[in-house]
K.L.:
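Shown below is the structure under consideration.
Each ligand, and each atom within it, is numbered from 1 in the order the structure gives.
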Amino acid sequence: MTTTEKGPVYTGWQDLYREKWKWDAVYWGTHCVDCYPGNCPMRVYVRNGVVWREEQSGTVGSVEQGVPDWNPMGCMQGVSWSQSLYGPDRVMYPLKRAGERGEGKWNRISWDQALSEIADGIIDAIEEVGPSSIFHEGTPEVVTGVPTNRFLGTIGGFGTDVNGSINDFSIGLYETFGKFSLESSADDWFHSEIVLLWHMNAVYTRIPFYHFIAEARYNGAEVVNISPDINPTHLHADMQIPIRGASDAAFALSLAQVMFAENIAHWTFLKEQTDFTLLVRADTGRYLRQVDVDGEGREDQLYQWVEGTGLRPANRGDLRLHGANVALEGEFEVALADGTTVTVTPVYARLRRKLDADYTPEKQEAVTGVHPEVVRTLARKMTRKRSNIILGANACKLYHGDLVERAMCLALAASGNWGKKGAGIRMWSAGLHDGQGLALAKPGPGAANTEIILSARDGAIAMVKQLDPTMTTEMAVREMSRGPRGLLRRAGAALDRSGGKLTGSTAPPAFGWYWQAGYDKRWNVREWGDDTLPRTFDEYFNEALEKGWWAGADKPRPENPPRVLIECGGNMLRRTRGGKNALLPNLWPKLKLIVEIDWRMNETGLHADYFLPAAQHYEKVAFALPGAHVLNLTFSDKAVEPAGESKNEWEIYRVLLGKIAERAAARGIEEIRDERGNARRYDALVDEYTMKGYYNDPERLADEQVRDSALAGTLPPRTTLETFREKGHVRFTDWGLTPIALSQASPLKADETHAPFRDHVERGVPYPTYCRRAQFYIDHEWFLEAGEELPTHKPSPRMGGDYPLGMTGGHSRWSVHSMNHTNKVVLGTHRGEPTALVNLADAAARGVADGDLIRVFNDLGDFHVRARLAPSVRPGQIVSYNGWDGSQYRGWGGANEIEPGMVKWIGFAGGYGHLAYLAMDWQPVPVDRWIRCDFEKAAL
Ligand code: SF4
């Protein structure tokens with residue numbers, strides 16, 4: 001464009017193109033939206049005070065010599081985020097409901113009016129029920145979760161456990177290893193010789209990282225895709241194993257059966273790493289325990305049989321056998337303290353009998369449809385090669401997903417495939433940025449106060465280890481972090497500077513669903529659950545309560561109904577399985593105040609009383625959720641001011657607390673008093689939240705958190721917020737001391753890819769399970785009653801009713817959750833509205849053509865969606881990818897209208913070693929795969 005005295009003159013399209021490449025400033029950015037693992041560093045270009053565009057930075061180099069670099073990192077949502085920033089669904093002013101909840105009528109109001117009225121509602125709830133009647137739904141978005149948790153911790157509310165809501169909790173990994181969050185770095189996939197994409201459609205869901213799989217393949221790896229449908233990932237596979245839906249446990253058990261039967265299993269590995277050598281009583285099916293043998297001592301001291309010398313206590317502190325010839329087979333007689341004798345056998349002997357009886361390749365074929373030679377071929381290869389199950393968060397959403405995952409782990413154990421590069425199984429992890437919590441937990445600002453809290457932490461861990469010298473740091477931290485039943489609550493109290501007063505807490509959402517949201521009726525529909533069980537759901541539920549397995553975490557109880565919901569960084573009505581059908585008629589009437597804090601209108605916001613507009617990415621300082629997958633802390637700077645009147649969440653809560661104090665004073669109320677009689681003054685709330693004003697500015701908090709991570713050793717020394725403004729991302733230097741990060745149990749090296757569990761395998765460090773080994777035999781009374789003491793296959797129940805089709809799902813290719821689906825660039829990458837994939841024969845039988853609107857239905861309800869005819873989908877299957885926005889469906893419906901939100905009863909088990917509540921770990925979780933349904937052509 002040329003400029004004359006009269007101003008700029010348009011000379012052609014080239015002028016506009018050149019204008020695109022002008023900017024005033026460039027910032028670092030990323031997207032903290034649980035696009036896990038995400039962490040893509042972007043460059044954000046600003047012009048005239050608006051974000052002009054963003055692009056991938058391409059700045060994450062190779063970590064290990066010979067392993068490819070990470071670049072470019074990014075996805076289509078990320079490179080069009082600025083479209084969402086200024087999208088039509090952005091809310092920029094506080095709103096108050098004008099009509100009925102959900103009616104969509106709003107009045108724009110001032111911040112002062114909004115916060116005054118919300119403050120009064122919160123005080124009303126505290127006066128009527130208590131502060132625990134105020135809650136929020138847990139969110140994986142740290143940038144919203146940290147301030148929300150701080151706010152609720154300050155007033156005494158609570159949050160629901162995010163992994164209990166979204167169910168990215170791999171219950172079977174947890175049952176086996178005592179932890180679910182093992183995960184290699186993505187570049188470690190390059191070391192794999194067999195990549196098993198199993199319950200993972202990596203082409204859709206791992207866009208920034210898929211290249212490591214392709215590069216492993218160039219490096220000679222075989223890619224095996226195991227799925228009921230021919231999903232897009234199969235295009236890049238060397239071997240496609242089309243398996244019947246939800247039959248994966250039978251397939252995996254058969255892999256193990258072949259490895260054992262052909263004597264190609266890794267015997268030394270599994271003798272050391274697993275519970276196979278532990279002795280089980282023939283009469284009770286329970287482990288042989290010290291209390292049996294000695295009449296006193298440890299309940300969790302178990303035994304092995306050594307050829308030549310006989311019975312010995314299994315070492316709880318060292319997995320290595322040091323040459324001992326420990327039995328895997330045989331029957332042995334043991335004298336008990338009561339004078340009787342009992343026959344015992346190793347776990348392996350029991351397992352082997354079961355596998356040979358039920359899971360030979362020929363027998364599994366009847367269940368899975370997979371040819372026996374395919375099983376044998378893969379089993380033999382796995383025992384010879386570094387095999388890596390790239391597991392997604394899909395198996396865990398099957399009703400019997402825990403059994404599937406336990407069986408997968410068994411196949412890996414038999415083939416010696418974890419604790420080394422290129423091998424293992426993955427889920428998700430977090431932690432590492434320890435300063436995030438330290439900066440908020442310490443008694444005052446600055447490094448000296450950080451040292452106080454670090455010393456207290458180290459002292460508490462040392463105290464815990466004194467109680468049981470065989471405990472590892474990982475175990476000690478886990479026990480310190482558990483709920484009220486935690487062994488080491490007393491030691492953990494050393495870190496609780498409130499003295500156990502009004503601290504915020506986390507609770508599994510399942511109890512609220514049961515007591516407050518009508519799920520009790522659904523979970524007791526016998527045929528929607530495991531109808532082979534001898535007892536009803538309620539009998540198990542009540543037993544768990546009576547035995548106190550969930551004491552303190554079992555809330556909100558009927559006598560303490562919830563009154564205020566603060567939804568920030570989530571969308572409860574869309575996310576909850578069976579959401580609207582259950583929550584609106586049951587939970588919503590109990591809620592006297594619903595506040596949505598978000599940057600865009602969503603389904604829960606539509607049904608709220610107030611909407612408070614929040615700043616978005618690029619409008620505030622934030623960090624992406626870190627984890628072992630990427631191992632960087634990735635920064636997103638404040639590039640522009642928040643749009644309209646929107647505010648940073650940290651600021652919203654700070655001002656709200658001030659308003660609560662102001663309204664309390666006006667009403668003559670001085671204290672918040674909780675159900676236990678503990679009190680906190682209203683006029684101290686803001687000081688508590690901001691550390692006496694030190695954290696008034698959220699950038700100062702971010703800087704302090706970075707500095708504290710450096711002091712804790714997880715970031716390089718002297719790292720500050722300025723370091724991130726310069727570099728955009730920094731690689732972690734250590735795991736820190738959060739349970740979820742310590743799960744990796746491996747060294748973290750600057751110049752090596754990360755593979756978890758090396759400490760267990762290379763140094764014999766025990767696992768945090770009941771038996772201190774990878775535990776395949778769980779002799780908890782419920783597991784024995786259900787026939788699930790060993791991994792087994794069980795068919796998926798008929799959740800939703802007796803219908804011919806099974807609905808599955810997963811992340812779509814086109815979105816990071818529903819928030820992106822109204823982005824016009826993203827809309828342009830697909831048909832522009834939700835679709836469900838159906839098989840051609842199923843469609844023809846119902847007179848449905850491609851693009852027809854269909855009604856998908858079962859006993860719970862229905863939703864309307866366009867049919868996408870796909871020969872790749874198995875007959876009898878319907879695929880409804882998740883992440884669509886409610887507004888894209890007729891009547892704001894969607895797949896969760898037909899999901900009952902079933903929870904496997906065994907998730908309520910407790911009182912058994914690692915089967916005890918820990919935030920984001922052991923708890924009941926909802927399932928939503930293979931929901932029974934049917935469809936028909938719908939009227940337009
Ligand atoms: Fe990366 Fe997530 Fe951003 Fe996509 S949305 S570019 S995956 S950080």
K.L.:
With 2.8 Å as the limit, jot down which protein N, O or S atoms are around atom 3 (Fe) of ligand 1.
P.N.:
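Less than 2.8 Å away from atom 3 (Fe) of ligand 1 sit His31 ND1.
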K.L.:
Does the ring of Tyr45 carry Arg53 above it, NZ/CZ under 6.0 angstrom from centre and within 45° of its axis?
P.N.:
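Yes - Arg53 lies over the ring of Tyr45, closer than 6.0 Å to its centre and within 45° of its axis.
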K.L.:
Does the Lys NZ or Arg CZ of Arg725 fall within the cation-pi geometry relative to Trp28 - under 6.0 Å from the ring centre and within 45° of the axis?
P.N.:
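No.
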K.L.:
Looking at Glu649, Glu699, Glu651, which one forms a salt bridge (Lys or Arg N to Asp or Glu O under 4.0 Å) with Lys620?
P.N.:
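It is Glu649; the other options fail the test.
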K.L.:
Can a cation-pi geometry be assigned to Arg47 and Trp23, taking NZ or CZ under 6.0 Å from the six-membered ring centre and within 45° of the ring axis?
P.N.:
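No.
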K.L.:
Under 3.5 Å, is there a donor on one side chain and an acceptor on the other for Asp885 and Ser887?
P.N.:
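Asp885 vs Ser887: donor-acceptor pair found between side chains.
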K.L.:
If we count only N and O atoms by modelled type, under 3.5 Å, do the side chains of Ser82 and Tyr618 hold a donor and an acceptor together?
P.N.:
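No - no donor-acceptor pair under 3.5 Å links their side chains.
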